[in-house]
Protein chains: 2
Amino acid sequence: MTRYRDIAEQLVGEIAGLPAGTRIEGEYEIAARFGVGRAAARAALQELERRMLVRRVQGLGTFTSRRIDYRISPAEAPSWSRMVRASGAVPRTVVRSCSVVPMPAEVAALLKMPEGVPCHRLHRRSFTDDVPAAYGTEWVPVSVVPELAQALRSFDSLDVILRGSTGALPRRAWTRASMAPIDPEVAAELGSRTGDPAWLVESLNDDAGSGRLLCFTQRWMRADAVRVLLETGPPPG
Amino acid sequence: MTRYRDIAEQLVGEIAGLPAGTRIEGEYEIAARFGVGRAAARAALQELERRMLVRRVQGLGTFTSRRIDYRISPAEAPSWSRMVRASGAVPRTVVRSCSVVPMPAEVAALLKMPEGVPCHRLHRRSFTDDVPAAYGTEWVPVSVVPELAQALRSFDSLDVILRGSTGALPRRAWTRASMAPIDPEVAAELGSRTGDPAWLVESLNDDAGSGRLLCFTQRWMRADAVRVLLETGPPPG
DNA sequence: CAGTGGTCTAGACCACGGG
DNA sequence: CCGTGGTCTAGACCACTGG
């Protein structure tokens, strides 16, 4: 007798072939079409949202969604733009703040630099098809890129800036990833709700040629927007 | 006026110090205590479930839950029992099926063996504090452990069996992990619902001493039961 | 402003698990 | 059997978005 699951199943089939971002029926329409109360219609749409098949926005409606594949491996360059484009979506990254600060001890230990040396602290928010998907902090020593704020006016991608400014080929030297319920500040940046599942990916990047350490990044990514795929070590064979 | 969030916040504080598995108030009690309808009380408890702070079981009630930390790194031995015990919970693993089959091509490629050589195919389900948490398939060449079914009658842990039977020190040679909505068959084994978030961890294990390839495992883990923490490569420094 | 999803009530019946 | 959570209705009002 579980009516809303039946409805959800049918809707799964109906939206299967639709392009990402397509608007689908609302709660009242579903209720009318299937002859159920609004609560059951709502439950069906929430089921789709739980399975990360649709996005729902108050005041706007319900839309099909797409999760981009974000592959993390020592072989893959650490670039948001590349990954998003590889999934057929449009990337965009916006600087929230950028300032030079003394490098904190934890970051200095990872970058193998003296604590307190000048370091860019960058807060950025990234989008896929104008949907907020990632937010975090990036630490770049001033000795690696002296004029980061200026470079960011021309380029979205930190990967591109590092390649152009230093001639380096950025590569993941070390990565740590986990998934956790998000806290309120980050939720606000990502337009999601406190406690929603999200990835925390921390990455130390170096130059594939020289091994010189370039930067340390900590980024939260919405689990419903990004399908993280992590590989430790090189693929075998 | 979001009443159910206020209630959820208060409950978060109240259950913060409780030991895992403690039974907490039900929907009717919450409704009575806060003077709201059952729908609002229910929404508050569902909010806690969404944040993976409680488990709810029809016919039983609502219970505080604990997520175990499952660290995956080249430095860490691939053992469920060890990881669960390290988090202070009780591990248990049950064999669902165990048979010798010709090794499939995909597995053979990873284990660098000829396709079709005899191979144990093992389906197992793992628990933390008697809560189903993981399920999957493990492939062990007969040439590595001839009498696997017999060994499993004495030991829960594949890690222990491999160490005892071959003198090897199992280690993760290569790992791939992702998180995805679960499909119906696996959901049934894990006692969760289709579409719930879960980890898929695939791991190729070898002997730390000789580098000999030992087995390939594919395991699903409930995201609300296991906090996977993945590191690529060795910790820096 | 109209239309969307978000919250909430009061009440009902069902499905499940344990004594 | 009882009590739990799961589903559902009918109806109401609110919060947010866009035009």
Side-chain angles (χ1 to χ4, degrees), chain A residues 1-11 15 21-65 130-132 187-188 190-196 224, chain B residues 1-11 15 21-65 130-132 187-188 190-196 224:
Chain A
M1 171 64 96
T2 80
R3 201 74 179 81
Y4 84 90
R5 284 173 202 254
D6 297 341
I7 297 172
E9 279 312 312
Q10 177 162 346
L11 292 176
I15 68 177
T22 307
R23 188 165 187 284
I24 69 170
E25 292 163 292
E27 299 181 355
Y28 293 94
E29 289 162 287
I30 299 283
R33 168 144 80 105
F34 292 92
V36 297
R38 191 182 152 212
R42 179 177 175 75
L45 287 174
Q46 279 180 321
E47 177 74 16
L48 299 191
E49 187 177 38
R50 202 177 61 89
R51 298 192 198 177
M52 304 190 274
L53 298 174
V54 301
R55 272 178 53 238
R56 316 186 70 209
V57 185
Q58 190 175 38
L60 276 178
T62 302
F63 306 85
T64 57
S65 73
D130 292 319
V131 177
L190 292 179
S192 55
R193 283 173 44 182
T194 303
D196 277 351
D224 62 349
Chain B
M1 170 65 98
T2 82
R3 201 75 180 78
Y4 84 88
R5 284 174 202 253
D6 297 341
I7 297 173
E9 279 312 312
Q10 178 162 345
L11 293 176
I15 68 176
T22 307
R23 189 166 187 284
I24 70 171
E25 292 164 291
E27 299 180 356
Y28 293 95
E29 289 162 286
I30 299 284
R33 167 144 81 104
F34 291 92
V36 296
R38 192 183 152 212
R42 179 177 175 74
L45 287 174
Q46 279 180 321
E47 176 75 17
L48 300 190
E49 187 176 37
R50 201 177 61 88
R51 297 192 199 177
M52 304 189 275
L53 298 173
V54 301
R55 272 179 54 238
R56 316 187 68 209
V57 185
Q58 191 175 38
L60 279 177
T62 301
F63 306 85
T64 58
S65 73
D130 292 319
V131 177
L190 292 180
S192 54
R193 283 173 47 181
T194 303
D196 277 350
D224 62 348

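Note on naming: letters A, B, ... go to the chains in the order of the sequence lines (proteins, then strands), and numbering restarts at 1 for each one.
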Say you draw a straight line from CG of A/Asp196 to CZ of B/Arg50; how long is it, rounded to the nearest 0.5 Å? 4.5 Å
For atom CD1 of B/Ile7 and atom C1' of C/dT9, their distance in whole Å: 13 Å
Atom pair distance, as rounded to whole Å: CG in B/Asp130 and P in C/dG17: 16 Å
Which nucleotide in the set D/dC8, C/dT7, D/dT4 lies at the smallest distance from any side-chain heavy atom of A/Arg3? D/dC8
Classify the side chain of A/Arg193 and the base of C/dG6 as holding, or not holding, a donor-acceptor pair under 3.5 Å. no
Considering only side-chain heavy atoms of A/Gln58, which listed nucleotide, D/dT4, C/dG6, D/dG5, is closest? C/dG6
With heavy atoms under 4.0 Å as the rule, sort A/Ala40 into base, sugar-phosphate or nothing. sugar-phosphate
Under the side-chain contact (heavy atoms from CB on, under 4.5 Å) rule, what do B/Leu11 and B/Leu53 come out as? Steps first, then yes or no, please. CA-CA 10 Å; B/Leu11 293 176; B/Leu53 298 173; over 6 Å; no
Does A/Arg55 reach a base, just sugar-phosphate, or nothing at all? Heavy atoms under 4.0 Å. nothing
Among C/dG6, C/dC8, C/dT9, which nucleotide sits nearest the side chain of B/Tyr4? C/dC8
Output the rounded distance in Å from CZ (A/Arg42) to P (C/dT4). 14 Å
Nucleotide nearest B/Glu29 (side chain, heavy atoms from C-beta), chosen from C/dT7, C/dT9, D/dT4: D/dT4
Rounded to the nearest 0.5 Å, what's the gap from CZ on A/Arg23 to OG1 on A/Thr62? Could you check? 7.5 Å
DNA chain D: 5'-proximal contact among A/Ala41 and B/Leu60 (nearest heavy atom): B/Leu60
Is the phosphate of C/dT4 approached by A/Thr62 (side-chain N or O, under 4.0 Å from OP1 or OP2)? no
Please confirm whether the shortest side-chain N or O distance from A/Thr2 to OP1 or OP2 of D/dG6 is below 4.0 Å. no
With a 4.0 Å cut-off, would you call B/Arg51 and B/Glu47 a salt bridge? yes
Students often get this wrong, so: under 4.0 angstrom with heavy atoms, is B/Gly37 touching a base, only sugar-phosphate, or nothing? sugar-phosphate
Atom OH of A/Tyr28 to atom P of C/dG5: distance rounded to whole Å? 9 Å
Distance, rounded to the nearest Å, where B/Leu48 contributes CG and D/dG5 contributes P: 12 Å
Would you sort out whether A/Leu45 and A/Ile24 count as a side-chain contact (heavy atoms from CB on, under 4.5 Å), showing the intermediate values? CA-CA 10 Å; A/Leu45 287 174; A/Ile24 69 170; 4.1 Å; yes
D/dG6, D/dG18, D/dA12: which one has an atom nearest the side-chain heavy atoms of B/Arg56? D/dG6
Taking CG from A/Asp196 and P from C/dG6, how many angstroms apart are they, rounded to a whole number? 12 Å
Atom CD of B/Glu27 and atom P of C/dA12 are separated, to the nearest Å, by 17 Å
Let me spell it out: for each of B/Arg38 and A/Gly59, pick the nucleotide of DNA chain D with the closest heavy atom. Which residue's pick is nearer the 5' end? B/Arg38
Measure the spacing between CZ of A/Arg3 and CZ of A/Phe34 and express it to the nearest 0.5 Å. 7.5 Å
Rounded interatomic separation in angstrom, taking CD from B/Glu47 and C1' from C/dG6: 13 Å
